[in-house]
Student: 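Starting off with a structure, shown below.
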Amino acid sequence: MFDIKLIRENPDSVKECLKKKKADLNLVDEAAALDRSRRDIIGEVEKLKAENNKVSGEIAKMKKDGRDASAIITEMKVMSDRIKSFDIELSKIDAELNTKLLYIPNIPNESVPVGDDEKANTIVRHWGGKPAFDFTPKPHWEIAEYLDILDDKRSVKVTGARFVIYKGLGALLERALINFMLDVQTRENGYTDIMPPILINRDSMTGTGQLPKFENDAFKLTEPDYFLAPTAEVPVTNIHKDEVLAERDLPIYYTAYTPCFRKEAGSYGKDMKGIVRMHQFNKVELVKFVRPEDSYAELEKLTLNAESILQKLNLHYRVMLLSTGDMTFASAKTYDLEVWHPGADRFWETSSCSNFEDFQARRARIRFKDKDGKIRFVHTLNGSGLATSRLFPAIIESFQTKDMEVIIPDILRPYMGGIDRITKK
RNA sequence: GGAGAGGUUUCCGAGUGGUUUAAGGAGCACGCCUGGAAAGCGUGUGAGGUGAAAGCCUCCGAGGGUUCGAAUCCCUCCCUCUCCGCCA
């Protein structure tokens, strides 16, 4: 949620910042105008209410003394009607203003490169190197089909396009990855394991910023008014919705595995091969609630926590700092981790690590009481740690052999009953 | 899904149309007392909005309604508990 006070105090610098994020700047002026009339009406109606409260007390006293109050009561009927019509007007303006604010994106941090799209993203660092092959590496869908570990034909019968069935050692590898990632984050990096609900109510979807603007991107139940979680970020961040935390509780680190559901609206026909763009995929998520003064240091740590998974798996990747035009609506700063897919001969985003500052906290009303007893919004962060739909292919493609076997990375073998490779049955 | 009972401030808990400006108690904070502590006594103790400030306004699960006036009466919804049904 955008802070109306920033708009009230300095609309021009707000617009300057939001321009970088390609926001509709009219929203700022419209919000400013609504804020002005809102406060005008509050001034009026509160004067009337104060008067009304005073006279009500007098009426009570007269009744008690057995005096006739009918003249004043008649007078107060008029007053009451005036108050009611002001209140109706006010709640209309409140709702309009609130809607405007919910459609304004977060302001990017100063360290974020300014640009229109992903071309302006900058490479922060590389890790590892492209694996060398003495043959042409195959894409994961060819290997997976040969090894019979993924089935994207029968999943169409069960559901439809962009769903996949993991089978046999494919399912085991998927399960191993999830367990391995959760173990690393809980045992080494201090995250608490969470298994949240995956059906989400409207208020929580609004809290993290998916609604109201991006309702078409989410799967939705007809009854009740619930959505399928597009990421564990939504249920996990909303755990502390409407709470005032103690400063000593911070920072809070949560990790959660959930399936994630996305409509991928607007991507028809794109990336149809393999499992990189599914309507349902698996992801381990990292979520943090921190003090505002710590949030940028915490973003660096969170990104390293996500990177550690790729390093332990010995997968080549790069860290990108997203430009203002490529960032999501709610984010103030985002690093993407892109893992190398040798068979596809390209990098694929497998993690997105963001600091939302107080944007989500304001929407979801997540606050803390600081040392001086002052109540402030926390900063929220999250990052994938990681998405298997991009990680599974990276493993299949990076560790393939000439005769289409897949060597299991050492660290995953204990999670797979000790097997060292996937071979054709 | 059915029947019943509930939801009040940090917590317990009173309140069934007008001195409720939400009693009382506990907890917490500060002060007095004390060699120190406990007990006792006193004072204070929520959030949001608005305003330069004093102050004022709003909030008793949520949203509507009745009334000059609602924690209190009416309607809808949500949640909790008990019993029944169903079920992994």
Side-chain angles (χ1 to χ4, degrees), chain A residues 1-10 31-102 195-207 211-212 221-227 235 238-250 259 358-378:
Chain A
M1 169 87 82
F2 209 87
D3 186 358
I4 185 63
K5 285 186 191 126
L6 293 178
I7 292 176
R8 190 184 297 162
E9 282 156 18
N10 211 335
L34 287 165
D35 177 52
R36 187 66 257 165
S37 33
R38 173 176 171 274
R39 285 187 296 151
D40 287 345
I41 291 174
I42 285 173
E44 290 296 313
V45 76
E46 286 196 352
K47 257 186 275 173
L48 295 181
K49 281 183 181 174
E51 174 69 11
N52 189 54
N53 289 343
K54 212 176 101 196
V55 176
S56 283
E58 285 163 16
I59 292 171
K61 212 171 285 173
M62 289 172 80
K63 290 247 183 185
K64 199 177 182 195
D65 296 345
R67 285 183 287 154
D68 175 29
S70 56
I72 297 190
I73 286 174
T74 310
E75 224 172 276
M76 293 311 286
K77 279 184 190 179
V78 179
M79 169 83 91
S80 178
D81 285 345
R82 283 183 69 198
I83 290 174
K84 231 166 256 176
S85 64
F86 270 125
D87 272 343
I88 288 166
E89 178 74 10
L90 184 59
S91 66
K92 256 165 59 187
I93 288 175
D94 268 338
E96 274 177 59
L97 175 57
N98 202 36
T99 303
K100 301 286 179 204
L101 294 176
L102 287 173
M195 296 187 87
I198 298 163
L199 294 180
I200 311 292
N201 67 30
R202 186 170 284 273
D203 189 52
S204 293
M205 287 288 279
T206 306
L211 296 185
L221 272 60
T222 43
E223 165 65 26
D225 188 29
Y226 292 160
F227 297 81
N238 280 288
I239 286 174
H240 293 296
K241 184 168 73 182
D242 288 312
E243 289 186 19
V244 179
L245 302 160
E247 181 160 7
R248 66 172 177 278
D249 296 336
L250 302 178
D358 68 2
F359 189 83
Q360 292 180 328
R362 197 177 288 283
R363 288 176 162 238
R365 303 163 299 276
I366 306 168
R367 297 170 296 170
F368 76 105
K369 190 174 265 190
D370 71 15
K371 282 189 204 73
D372 303 325
K374 212 176 139 206
I375 290 180
R376 297 152 67 195
F377 288 107
V378 302

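Below, read A as the first sequence line, B as the second, and so on, with proteins coming before strands; counting in each chain starts at 1. Please read all numbers here as calculations on a predicted model, not as lab measurements.
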Student: Mind checking who B:A53 pairs with, Watson-Crick or G-U wobble, both distances under 3.5 Å?
Tutor: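 Because no pair has both required distances under 3.5 Å, B:A53 counts as unpaired.
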Student: Using purine N1 to pyrimidine N3 plus N6-O4 or O6-N4 for Watson-Crick, or N1-O2 and O6-N3 for G-U wobble, both under 3.5 Å, which nucleotide pairs with B:C87?
Tutor: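 B:C87 is unpaired by these criteria.
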Student: In Å, rounded to the nearest 0.5 Å, how long is the span from CZ of A:Arg39 to CG of A:Asp35?
Tutor: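 Those atoms lie 4.5 Å apart.
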Student: Using atom OH of A:Tyr226 as one end and atom P of B:C77 as the other, report the distance to the nearest whole Å.
Tutor: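 Distance, rounded to whole Å: 15 Å.
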Student: Could you tell me the separation between the CZ atom of A:Arg202 and the P atom of B:C77, rounded to a whole number of Å?
Tutor: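 Computing the A:Arg202:CZ to B:C77:P distance gives 19 Å.
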Student: With both distances under 3.5 angstrom, what nucleotide forms a Watson-Crick or G-U wobble pair with B:C30?
Tutor: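 Across any shown strand, B:C30 pairs with B:G42.
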Student: Counting only side-chain N and O atoms of A:Asn53, is one of them less than 4.0 Å from OP1 or OP2 of B:U58?
Tutor: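 True: A:Asn53 side-chain N/O within range (under 4.0 Å) of B:U58 OP1/OP2.
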Student: Taking only the side-chain nitrogens and oxygens of A:Arg367, find out if one of them lies under 4.0 Å from OP1 or OP2 of B:A47.
Tutor: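 For B:A47, neither OP1 nor OP2 has a side-chain N or O of A:Arg367 closer than 4.0 Å.
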Student: Which base sits across from B:C81 as a Watson-Crick or G-U pair, both distances under 3.5 Å?
Tutor: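 Its partner is B:G4.
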Student: Identify, with sequence neighbours excluded, every residue that meets side chain to side chain contact (heavy atoms under 4.5 Å, CB included) alongside A:Ile72.
Tutor: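 Side chain to side chain contact (heavy atoms under 4.5 Å, CB included) list for A:Ile72, sorted by chain: A:Val55, A:Ile59, A:Met62, A:Met76.
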Student: So if I take every side-chain heavy atom of A:Met76 and compare against B:G49, B:C68, B:G18, which nucleotide ends up nearest?
Tutor: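 Selected nucleotide (nearest to the side chain): B:C68.
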Student: Regarding B:G49, can its base be found pairing with the side chain of A:Glu46 as donor and acceptor, where the two atoms are less than 3.5 Å apart?
Tutor: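 Per atom types, the contact qualifies.
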Student: Between A:Lys63 and B:G18, is there a side-chain N or O to OP1/OP2 distance below 4.0 Å?
Tutor: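 So the side-chain polar atoms of A:Lys63 never come under 4.0 Å of the phosphate oxygens OP1 or OP2 of B:G18.
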Student: CD1 of A:Ile4 versus P of B:G49: gap in Å, rounded?
Tutor: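 So the two atoms are 12 Å apart, to the nearest Å.
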Student: Find the distance A:Lys61:NZ to B:U19:P and express it as a whole number of Å.
Tutor: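 That distance rounds to 10 Å.
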Student: With both distances under 3.5 angstrom, what nucleotide forms a Watson-Crick or G-U wobble pair with B:U72?
Tutor: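 Its partner: none found.
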Student: Distance check needed: B:G69 P versus A:Glu75 CD, whole Å only.
Tutor: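 Value for this atom pair: 14 Å.
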Student: Would you call A:Asp225 and A:Asn201 a side-chain contact if the rule is heavy atoms closer than 4.5 Å?
Tutor: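 Not in contact.
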Student: Think A:Arg8 has a side-chain N or O under 4.0 angstrom from the OP1 or OP2 of B:U50?
Tutor: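 The answer is yes; a side-chain N or O of A:Arg8 sits under 4.0 Å from OP1 or OP2.
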Student: Here's a test of your reading of the structure: between A:Lys64 and A:Arg38, which maps to the more 5' nucleotide of RNA chain B?
Tutor: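 Its nucleotide being nearer the 5' end, the pick is A:Lys64.
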Student: By a strict heavy-atom criterion of less than 4.0 Å, which residues belonging to residues 80-92 of chain A are in contact with RNA chain B?
Tutor: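 Per residue number, the list reads A:Ser80.
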Student: Looking only at side-chain N and O atoms, does A:Arg39 come under 4.0 Å of OP1 or OP2 in B:G51?
Tutor: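 For B:G51, OP1 or OP2 has a side-chain N or O of A:Arg39 closer than 4.0 Å.
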Student: Restricting to side chain to side chain contact (heavy atoms under 4.5 Å, CB included), what partner residues turn up for A:Asp372, sequence neighbours left out?
Tutor: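 With sequence neighbours excluded, A:Asp372 shows a side chain to side chain contact (heavy atoms under 4.5 Å, CB included) to A:Asp370, given in chain and number order.
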Student: Please compare A:Glu51 and A:Asp35 by the position of their nearest nucleotide in RNA chain B and report the one closer to 5'.
Tutor: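 Looking at RNA chain B, the more 5' nearest nucleotide goes with A:Asp35.
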Student: Charged N to carboxylate O under 4.0 angstrom, A:Asp40 versus A:Arg36?
Tutor: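 Salt bridge: yes.
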Student: Going by purine N1 to pyrimidine N3 plus the second Watson-Crick contact, or the G-U wobble pair, all under 3.5 Å, which nucleotide sits opposite B:U20?
Tutor: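 With both distances under 3.5 Å required, B:U20 matches none.
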